[in-house]
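For reference, the structure is listed below as structure tokens.
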Amino acid sequence: MADRYEPSAFESKWQKRWEDAELFLTREEEGRPKFYGMDFFPYPSGAGLSVGHCRNYVPTDVICRMKFMQGCNVLHPMGFDAFGLPAENEAIKRKTHPAPMIDQYAANYKRQMDLVGISYDWSRSFKSSDPSYYKWTQWIFELLYKKGLAYRKLAAVNWDPVDKTVLADEEIVGGRAERSGAIVEKKWIPQWFFKITDYAQRLIDDLDSVDWPDGIKAQQRNWIGRSDGVQFTMRVVFPDQSDLSDRYDLDADPERQPPNAQRRSLHFDVFTTRIDTIFGMTFCVLSPEHAIVEHISARVDDQHKRAIADYQQHAKLMSEADRTATNREKTGVFTGAYAVNPANGKHVPIWIADYVLATYGTGAIMAVPGHDERDFEFAQKFSIPVIPVIAPHQVAAVFEKVEDRSGWQIKFGKEGLTVLTPFASDPGQSPSGAQSSPQEEGGLPFVAKDGVMINSGEYSGLTVAEGQRKLGEWIEALGIGERKIQYKLRDWLISRQRYWGCPIPVIHSAEGELQLVPESELPVYLPDVENYEPAGDGSSPLAHIDDFVNVCDRDGRLGQRETDTMGGFACSSWYFLRFCDPGNDDEAWDKAKAEYWMPVDCYVGGAEHAVMHLLYARFWTKVLYDEGLVSVLEPFQRLQNQGQVLALTPYRKPVEGEVLDLGEEGILVSFEEAKKLEEDQVLWRWARMSKSKGNVVTPDEAKEQYGADALRMYLLFVAPFNADVNWSSEGMQGSVRFLSRVFKLVTELQPLYEPNWRHHIEFEPMDERAAALRRATHQTIRDCTADIDRFQFNTYVSWLMKYVNAITDSQPKAKEPSKAYELAASEALESLILLLAPGAPHSADELWEQIGNQGFTYHQAWPSFQEKLAVEETATIAVQVNGKLRDALRMPVGTPEREAVDAAKASPKVQSHLAGKTIRKIIYVPDKLVSIVAN
RNA sequence: GCCGGGAUGGCGGAAUGGUAGACGCGACGGUCUCAAAAACCGUUGUACCAAAAGUACGUGCGGGUUCGAGUCCCGCUCCCGGCACCA
């Protein structure tokens, strides 16, 4: 019998027994509520799991185990996101084939997860690279295609020269490929897209219905980037005024067709969210790639023609990274043409500049330097006039009263807008509300989100909100534009010119027509080949495999297979549905089964997928909902992001001339090197565990040294679930110590254990000691249950620790325990073991057996608490005088106000602070507080 | 710049507007031991005081609301994460 935690003696034994008993096979029994708990689909890396991964898996395991004990049918699956770039790159590096390699890595992941005792139902496991899985990924692709949500078009896309593939916008961070770190280039290639933009609004709206961290929701809203504004047409005029004879070929560009008027003139559309500032427009800007630039260029003189051509060339050559670099100085050229401001008929110069993006809105803007920082910067540089048209309410009030405004000036500063009057030298004449302090040159524009319109003709005097509404109506009435909603979100680029991915089930017929591979012929198998390295010319490796490429099309003629594969995010956009019915050969999933299990009740993973996987999976779910294939609009009801586990990592101080990696304070060195260096030469920093940093702690070694349960309890206890933690072996020791205390306590109390305590305890009169123990028991059940539900695993463990202390202290030292105490202790023993079970399942099962029970704690009912047993008999009532704590009284719970107040007044400590004062007011909070106000 | 999230003892962190610092780590003192480790017991926010009692101070900074603020409101500072010329 063990009176301490000796994990090597029992942890592996229980893992074997769980497996033999098929303990974690998913049940679908009637009459039980369901609970679907899941972790993010992991890519099985060759480095194996670190304890950092366990910080994801253990908490999910705790909640799933508790839910099962509470009587739920629990679906707790695990599979592997095997397709994709990381696997393929690793295989190339190792000169092996990704398929067997990934099998081996996945097997290792499973072994490690089992080592930690995670309760996965492995019978439902699969890899995204299994043909039985990707058959249905292709099937969903075809569904999207049929619905017009998958399309192929020539596009300038993000090309990663290192990984030699195209990437999605979501995979680019600051102009670099997130994975390879390469500076992304622009390349024009025909690409496959999913039309996620059709779902932009629903993807925003339905965020309201899910229980996710605010930060993730905000990131998604941001990424989708809704802007409400007005889009309207601007007519182009040339200095010679012969503009009407010039015709812009509208039919060639139907998207830019205006509602009705001005069909014969050259024109372009602009989008603005600030139509209220239209009177402040002093120029327009087109992106260098805008289609109309050619037409303008054709009508202007040679000097401007050349300037335009030069600038376009310059823009074309610039890399995406350079172009989007922060704080770049504005550049641009005047085209020689003008646009007519529809609000006041004024002609404003048309410029081209690369600060206007071709890919957003209409690729053209009205520029209002008075109220837009970028336009202001541009205007300053090119000496374009600035007209303020929005003033703060109090300034506008003064400004609008003045009839002769000659000599008045308006300037902008950090404080807002400043009016400089001709009588500024005489402060007495300066209207109140208008400052006249000297302004530094080059001040900021006044980005007036609120204020009053000025210098705006008949609209002057309206507020920003009113102006936006009225001008929007006016533009619509005029027929030159309409109110419009723009989204930053762009369509999801799905094709990859790489081998290790799900083949796109499309055939290019002899006529160049796109044909879907018939459903009966799915899957399109990924061919097993020796050489699959990317060519680097933008073609897929599959394009060079003749057997694969050449097929019969629908009409029996020679066609060619699509050779791009799908990016890995396609595979992970529906795997949660497959887990509901993983063995189904006839369908992707049985609708009834998906309806039963979906949505995922608790989804756990890292915050780095905020806008990629989580957005794509939501999109697919909505499409499948529209098809009637799933019954939920959102796949993941509750989402939680775990914090990372950081490890102390040695860095060396850089020697002169050495360049540091971005964000690093020193040069990374190995632990061996660090030992050799002088102490003051080594900088120890907390860094995310990674193979390259050499700071990984594996669950294997943690289990070997401390035990799986100690690791689990440590990860739960060390910090709030979503906070980063610093790995510490002292902390691990603490967990070992706690579990040892549990073993010791159970061993001590075991002789008192009465398995039938339940039948006797209500009839046995409770003495004070027994009642106190029962109180601790029921409070602990209450608090542990609530905190697991709330994802507060650190306090769940705290309550257990406190409970162990309480039971220990409750034991009678000198005399024999009473019958009542024996029964209370029996209840406590069982409760302690069962409450411990989700966190430390091996120890719980061992202890359960040790006190003479059979079977698994997993099959026991989760303890329930009785409110009446959890309440305290006496309360500590704080007594405050003028808000300061002066005494604390122990009084029975439910003491009436009168008594409590009298007792408080009687307290000598309180009296000394009341001496010579008159009581003005007394506040009483039952069982908590008496607050006396006196002066 | 914009959008999120933070800031509490030596450290990780608790705390429905009601006794701030639960629980743990570390540290210090003790028991056991020839000794050490382990284990166990005790102390541990700061200041004044020999100590206790006591008093004052104390949740990033400055204001405010309230009998009472870590918690609510206004204005900042710093840290972390994301986005970033998106009109």
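Chain letters run A, B, ... following the sequence lines, proteins first and then strands; every chain starts at 1.
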Output the single nucleotide from [options] whose closest atom is nearest the side chain of [X].
| X | options | result |
| --- | --- | --- |
| A:Lys330 | B:C85, B:G24, B:A22 | B:C85 |
| A:Asn794 | B:A14, B:C67, B:G12 | B:A14 |
| A:Val718 | B:G12, B:G18, B:C67 | B:G12 |
| A:Ile365 | B:A14, B:C67, B:A87 | B:A87 |
| A:Ser798 | B:A84, B:C57, B:A22 | B:A22 |
| A:Lys928 | B:C85, B:G13, B:U16 | B:U16 |
| A:Thr273 | B:G12, B:C57, B:A87 | B:A87 |

Going by heavy atoms in the side chains, are [X] and [Y] under 4.5 Å from each other?
| X | Y | answer |
| --- | --- | --- |
| A:Thr649 | A:Trp686 | no |
| A:Met689 | A:Trp727 | yes |
| A:Ile350 | A:Phe268 | yes |
| A:Tyr803 | A:Leu832 | yes |

Residues [X], [Y]: salt bridge by 4.0 Å N-O rule:
| X | Y | answer |
| --- | --- | --- |
| A:Lys802 | A:Asp783 | no |
| A:Arg221 | A:Asp208 | yes |
| A:Asp787 | A:Arg790 | yes |

Interatomic distance at [atom1], [N] relative to [M], whole Å:
| N | M | atom1 | result |
| --- | --- | --- | --- |
| B:G54 | B:U44 | P | 14 Å |
| B:C2 | B:A20 | P | 38 Å |
| B:A69 | B:C73 | C1' | 11 Å |
| B:C61 | B:U77 | C1' | 7 Å |
| B:U59 | B:U71 | P | 9 Å |
| B:C72 | B:G81 | C1' | 26 Å |
| B:A27 | B:G10 | C1' | 8 Å |
| B:U33 | B:G26 | C1' | 24 Å |

Rounded distance in Å - [atom1] ([X]) to [atom2] ([N]):
| X | N | atom1 | atom2 | value |
| --- | --- | --- | --- | --- |
| A:Ile922 | B:G18 | CD1 | C1' | 16 Å |
| A:Phe793 | B:A14 | CZ | P | 14 Å |
| A:Phe376 | B:G1 | CZ | C1' | 16 Å |
| A:Tyr355 | B:A84 | OH | P | 19 Å |
| A:Leu357 | B:A84 | CG | P | 11 Å |
| A:Asn641 | B:G82 | CG | P | 13 Å |
| A:Leu646 | B:C80 | CG | P | 13 Å |
| A:Lys381 | B:C85 | NZ | P | 17 Å |

With respect to the phosphate group of [N], does any side-chain polar atom (N or O) of [X] fall under 4.0 Å of OP1 or OP2?
| X | N | value |
| --- | --- | --- |
| A:His913 | B:U55 | yes |
| A:Asn805 | B:G24 | yes |
| A:Gln792 | B:A15 | yes |
| A:Lys909 | B:G54 | yes |
| A:Lys802 | B:A22 | no |
| A:Thr795 | B:G13 | no |

My understanding is that a pair needs two contacts under 3.5 Å, Watson-Crick or G-U wobble. By that rule, which nucleotide pairs with B:A50?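 Answer to the pairing question: none, since B:A50 forms no Watson-Crick or G-U pair.
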
Nearest-nucleotide check on RNA chain B, A:Arg890 vs A:Thr359; residue mapping nearer the 5' end is A:Arg890

Under 4.0 Å, heavy atoms only, any strand: does [X] hit a base, just the sugar-phosphate, or nothing?
| X | answer |
| --- | --- |
| A:Thr876 | base |
| A:Val925 | base |
| A:Lys217 | nothing |
| A:Arg886 | sugar-phosphate |
| A:Thr272 | sugar-phosphate |
| A:Pro720 | sugar-phosphate |

message = Run A:Arg712 and A:Val58 through side-chain contact (heavy atoms from CB on, under 4.5 Å) and show every step you take.
response = CA-CA 6 Å; A:Arg712 294 171 62 110; A:Val58 170; 4.0 Å; yes

How many angstroms lie between atom [atom1] of [X] and atom [atom2] of [Y], to the nearest 0.5 angstrom?
| X | Y | atom1 | atom2 | value |
| --- | --- | --- | --- | --- |
| A:Asn341 | A:Met366 | CG | CE | 8.0 Å |
| A:Phe40 | A:Asn56 | CZ | CG | 8.0 Å |
| A:Leu648 | A:Trp684 | CG | CH2 | 6.5 Å |

Its glycosidic angle compared against 90° from 0, B:G42 adopts the form anti

Review point. Will you find, in the side chains of A:Arg55 and A:Gln644, an N or O donor that is under 3.5 Å from an N or O acceptor?
Key: no

Got a list of protein N/O to nucleotides 3-9 of chain B N/O distances below 3.5 Å?
from, atom 1, to, atom 2, distance (Å)
B:G4, O2', A:Gly215, N, 3.3

Taking only N/O atoms, report every protein-nucleotides 25-32 of chain B pair under 3.5 Å with atom names and distance.
from, atom 1, to, atom 2, distance (Å)
B:C25, OP1, A:Arg737, NH1, 2.9

